[in-house]
Amino acid sequence: MISDIEPLYGWDALPLLRDRHLRPGENRRLGFVFLSGQEAADALKKVGKFYLWEGRFVGEASVVS
């Protein structure tokens with residue numbers, strides 16, 4: 001039994017891409033709308049960095065508020 005591993009959490013979010021998609025390797029500052037509201041936003045602010053998932057890992061993001 002593995003009891004010392006923290007569980008993974010996921011939050012549904014919509015990136016605010018405005019007029020164009022993100023391209024592979026591109027860095028951009030943008031906002032997110034979290035479908036779970038403030039709870040998700042607070043959790044991600046606490047950790048500072050999170051990973052983007054779209055059926056697989058597609059990127060990494062940092063909270064810069």
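Hydrophobic clustering (ILVMFWY, side-chain heavy atoms < 4.5 Å, transitive): V33 and Y51 are in distinct clusters.
Of the candidates L52, L44, L14, F32 forms a side-chain contact (heavy atoms from CB on, under 4.5 Å) with just one, namely L52.
Considering only heavy atoms from C-beta on, L22 comes within 4.5 Å of L30 through its side chain. Within the 4.5 Å cutoff, the side chain of H21 has no heavy atoms near those of the E26 side chain.
W53 pairs by the ring pair (Phe, Tyr, Trp, His ring centres under 6.0 Å) definition with F57, not counting sequence neighbours. Not a single side-chain hydrogen bond (donor to acceptor under 3.5 Å, both in side chains) links R18 to another residue, sequence neighbours left out.
Residue pairs meeting the salt bridge (charged side-chain N to carboxylate O under 4.0 Å, His left out) criterion with at least one partner in residues 30-56, sequence neighbours excluded, are K49-E60.
Counted within 6.0 Å of CZ on R28, heavy atoms from surrounding residues, nucleotides or ligands total more than 12; the atom is thus considered enclosed.
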